[in-house]
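The block underneath contains the structure these notes are about, expressed in structure tokens.
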Amino acid sequence: MSFRHLITLQELPKEDIQEILNLAQSFKQVILRPIKKVPTLKGKTIVNMFFEPSTRTRTSFELAAKRLSADVLNIQMSTSSVVKGETLLDTLATIEAMQIDMVVIRHSASGVPLFLTKNIKSSVINAGDGMHEHPTQGLLDMFSIIEKKKKIEGLNVSIVGDIAHSRVARSNIWGLTKMGAKVKVVGPTTLMPKEIEKLGVTVCNDLKEGLKDADVVNILRVQLERQKKNLFPTLREYATLFGVNSEKLKYAKPDCVVMHPGPMNRGIEISPNVADGINSVINEQVTNGVAVRMAVLYLMGGGKKDEAFN
Ligand code: CP
């Protein structure tokens with residue numbers, strides 16, 4: 001494995017992505033056992049610092065670390081000394097003085113995790129930075145696709161929705177194109193970043209056309225909190241034109257896999273019967289997130305194979 005920090009899938013070599021995905025398969029077996037814990041990161045300390053709300057990613061990293069027997073510290077940023085004016089680096093210097101090994105960070109500003117790699121000694125994992133990347137979400141999405149489709153290469157993957165504000169879209173695009181998928185991004189022009197096709201994707205502004213022949217449909221949340229101005233007239237209009245419901249899903253392949261990174265806006269970007277339908281793997285994505293994060297923490301923490309899978 002060639003990385004000490006995990007900041008982007010843009011810079012993660014295909015071989016490392018493959019290694020994480022292979023290892024996650026073994027960890028999935030571990031978390032389905034009655035006793036879900038292995039001693040492989042005993043003695044390591046992992047700190048979760050989330051400056052933005054999170055349900056899935058924060059709990060998933062915490063569970064992954066605990067199942068590897070690491071010590072986990074969850075720092076509530078809203079009750080830390082950051083609110084008294086302490087800088088992020090001073091806060092981290094304080095925490096590092098307690099002899100930690102890894103920092104998992106989510107921040108609203110793109111670039112914060114990369115900035116930390118240049119200023120602290122611990123390994124850094126990006127748990128989502130602004131509109132930049134969410135690498136472990138990209139990895140768990142790829143894992144979930146392989147679990148259902150047995151491969152990524154050659155699949156038609158449609159990523160639908162608010163591409164412009166989505167770090168999940170960026171990590172998916174970098175990861176999936178590297179692994180050989182044909183990626184289509186689908187949404188209104190106002191939610192499409194300029195020159196996104198330079199990342200090797202096809203752009204489509206019509207939902208029916210965008211879903212045509214899709215093996216995988218990854219539906220993104222409309223991120224109203226990141227939009228500085230009104231980028232579509234009303235949520236109702238967005239739901240009518242770009243919300244994926246059972247009728248629209250018929251344009252994709254009958255056995256397509258439906259994914260959503262969560263949290264979902266039911267009735268806006270996804271209808272309840274699609275979210276809960278037979279094609280949906282949304283809850284399995286959450287289970288897989290723990291296995292994938294165990295693989296990442298294991299590799300970055302120098303875990304030992306004989307302690308992980310016996
Ligand atoms: N997918 C995702 O990042 O969800 P959370 O915001 O709940 O962590």
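Below, all heavy atoms of this structure are taken into account, side chains as well, without hydrogens, waters or symmetry copies. The structure displayed is predicted, hence computed values, not measured ones.
- The stretch residues 233-244 participates, sequence neighbours left out, in no side chain to side chain donor-acceptor pair (under 3.5 Å) pair at all.
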For this session: Carefully, step by step, assess Ile196 and Ile173 under the rule side chain to side chain contact (heavy atoms under 4.5 Å, CB included).
Result: CA-CA 10 Å; Ile196 186 82; Ile173 290 168; 4.0 Å; yes

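- Looking only at distances, no side-chain donor or acceptor of Asn156 sits under 3.5 Å from a matching main-chain atom of Asp215.
- Looking only at side-chain heavy atoms (C-beta outward), Ile105 and Val112 come within less than 4.5 Å of each other.
- With hydrogens and angles left out, the side-chain atoms of His260 and Gln285 include no donor and acceptor closer than 3.5 Å.
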For this session: Step by step, work out the salt bridge (charged side-chain N to carboxylate O under 4.0 Å, His left out) result for Lys149 and Asp255.
Result: CA-CA 10 Å; Lys149 296 286 176 193; Asp255 62 346; 3.3 Å; yes

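- Counting heavy atoms from C-beta outward, Val186 and Asp206 have side chains that stay 4.5 Å or more apart.
- Taking every heavy atom of both residues into account, Arg106 and Ala127 meet most closely at NE-O, 2.9 Å.
- A 4.5 Å side-chain heavy-atom check between Leu9 and Leu139 finds at least one atom pair inside the cut-off.
- Looking at Asn172, its side chain does come within 3.5 Å of a backbone N or O of Val168 through a donor-acceptor pair.
- There is a path of hydrophobic side-chain contacts, each under 4.5 Å, that joins Val203 to Trp174.
- The structure places NZ of Lys118 at 12.5 Å from CD1 of Ile120, a figure rounded to the nearest 0.5 Å.
- Contact of the Leu249 side chain with the Cys256 side chain is registered, since non-hydrogen atoms from C-beta on lie closer than 4.5 Å.
- At a cut-off of 3.5 Å, with distance as the only test, a side-chain donor of Asn74 or Asn48 sits close to an acceptor on the other residue.
- Between Ser122 and Val103 there is a side-chain heavy-atom pair separated by less than 4.5 Å.
- With no hydrogens or angles considered, a side-chain donor-acceptor pair links Asn288 and Lys28 at under 3.5 Å.
- In the hydrophobic cluster analysis, where Ile, Leu, Val, Met, Phe, Trp and Tyr join through side-chain heavy atoms closer than 4.5 angstrom, Ile7 is grouped together with Leu89.
- Ion pair Lys148/Glu284 flagged as a salt bridge, since at least one NZ, NE, NH1 or NH2 atom sits closer than 4.0 Å to an Asp/Glu carboxylate oxygen.
- Contact between Val83 and Ser78 at its shortest, heavy atoms only, is CG1-O, 3.5 Å.
- No donor-acceptor pair closer than 3.5 Å links the side chain of Arg58 to the backbone N or O of Pro53.
- Checked options Thr136, Leu297, Leu299, Asn126; the residue passing with Leu6 is Thr136 (criterion: side-chain contact (heavy atoms from CB on, under 4.5 Å)).
- Asn279 contributes no side-chain N or O that, together with a main-chain N or O of Val258, makes up a donor-acceptor pair within less than 3.5 Å.
- Checking Ser246 against Asn273 by side-chain atom types alone, a donor-acceptor pair falls below 3.5 Å.
- Going from atom CE of Met131 over to atom OG of Ser110 covers 6.0 Å, rounded to the nearest 0.5 Å.
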Exercise. Passes side chain to side chain contact (heavy atoms under 4.5 Å, CB included), Met179 versus Gln18? Steps please.
Worked result: CA-CA 9 Å; Met179 303 304 281; Gln18 194 61 63; 3.1 Å; yes

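- Side-chain atoms of Gln99 and Thr45 include no donor-acceptor pair closer than 3.5 Å.
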For this session: Let me see the working for Leu63 and Lys36 under side chain to side chain contact (heavy atoms under 4.5 Å, CB included), right down to the final yes or no.
Result: CA-CA 10 Å; Leu63 260 185; Lys36 302 167 179 63; over 6 Å; no

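- With respect to the salt-bridge test (charged N to carboxylate O, under 4.0 angstrom), the residues Arg266 and Asp276 qualify.
- If you chain together hydrophobic residues whose side chains sit under 4.5 Å apart, Met49 and Ile46 never meet in one group.
- For the atom pair CD of Glu86 and CG of Leu92, the computed distance is 9.0 Å after rounding to the nearest 0.5 Å.
- Residues Val286 and Ile31 fall into different hydrophobic clusters, defined by Ile, Leu, Val, Met, Phe, Trp and Tyr side chains chained together at heavy-atom separations under 4.5 Å.
- Taking 4.5 Å as the limit, every side-chain heavy atom of Pro261 sits out of range of all side-chain heavy atoms of Arg221.
- By the 4.5 Å heavy-atom criterion applied to side chains, Met300 and Arg4 are not counted as neighbours.
- Counting all heavy atoms, side chain and backbone alike, Glu11 lies closest to Thr8 at N-OG1, 3.0 Å.
- When all heavy atoms are compared, the tightest approach of His107 to Arg167 is O-NH1, 4.1 Å.
- Judged by distance alone, the side chain of Lys178 and the main-chain N or O of Gln10 form a donor-acceptor pair under 3.5 Å.
- Annotation: the span from Lys121 atom NZ to Ile100 atom CD1 amounts to 9.5 Å, rounded to 0.5 Å.
- Looking at Asn265, its side chain never comes within 3.5 Å of a backbone N or O of Ile268 through a donor-acceptor pair.
- Side-chain contact between Phe27 and Arg293: absent, with no pair of heavy atoms (C-beta onward) separated by less than 4.5 Å.
- Taking NE2 of His5 as the start and OG1 of Thr117 as the end, the distance is 5.0 Å to the nearest 0.5 Å.
- The structure places CZ of Phe115 at 7.0 Å from CG of Leu88, a figure rounded to the nearest 0.5 Å.
- With hydrogens and angles ignored, the 3.5 Å screen pairs no side-chain donor or acceptor of Ser271 with any backbone N or O of Gly267.
- The neighbour count for Leu32 CG, taken as heavy atoms of other residues, nucleotides or ligands under 6.0 Å away, is above 12.
- Looking only at distances, no side-chain donor or acceptor of Thr57 sits under 3.5 Å from a matching main-chain atom of Ser54.
- In this structure, Val38 and Arg33 approach most closely via the heavy-atom pair CG1-NH2, 3.7 Å.
- Hydrophobic clustering (ILVMFWY, side-chain heavy atoms < 4.5 Å, transitive): Phe61 and Val47 are in distinct clusters.
- No side-chain donor from either of Ser108 and Glu52 sits under 3.5 Å from a side-chain acceptor of the other.
- With hydrogens and angles ignored, the 3.5 Å screen pairs a side-chain donor or acceptor of Ser80 with a backbone N or O of Met77.
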For this session: Show your working on side chain to side chain contact (heavy atoms under 4.5 Å, CB included) between Val222 and Phe242 and close with a plain yes or no.
Result: CA-CA 10 Å; Val222 176; Phe242 289 98; over 6 Å; no

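- Considering Ile152, Asn22, Ile20, Leu21 as possible partners of Phe143, the one that fulfils the side-chain contact (heavy atoms from CB on, under 4.5 Å) test is Leu21.
- Closest approach of Ser171 and His134 over heavy atoms only: OG-N, 2.8 Å.
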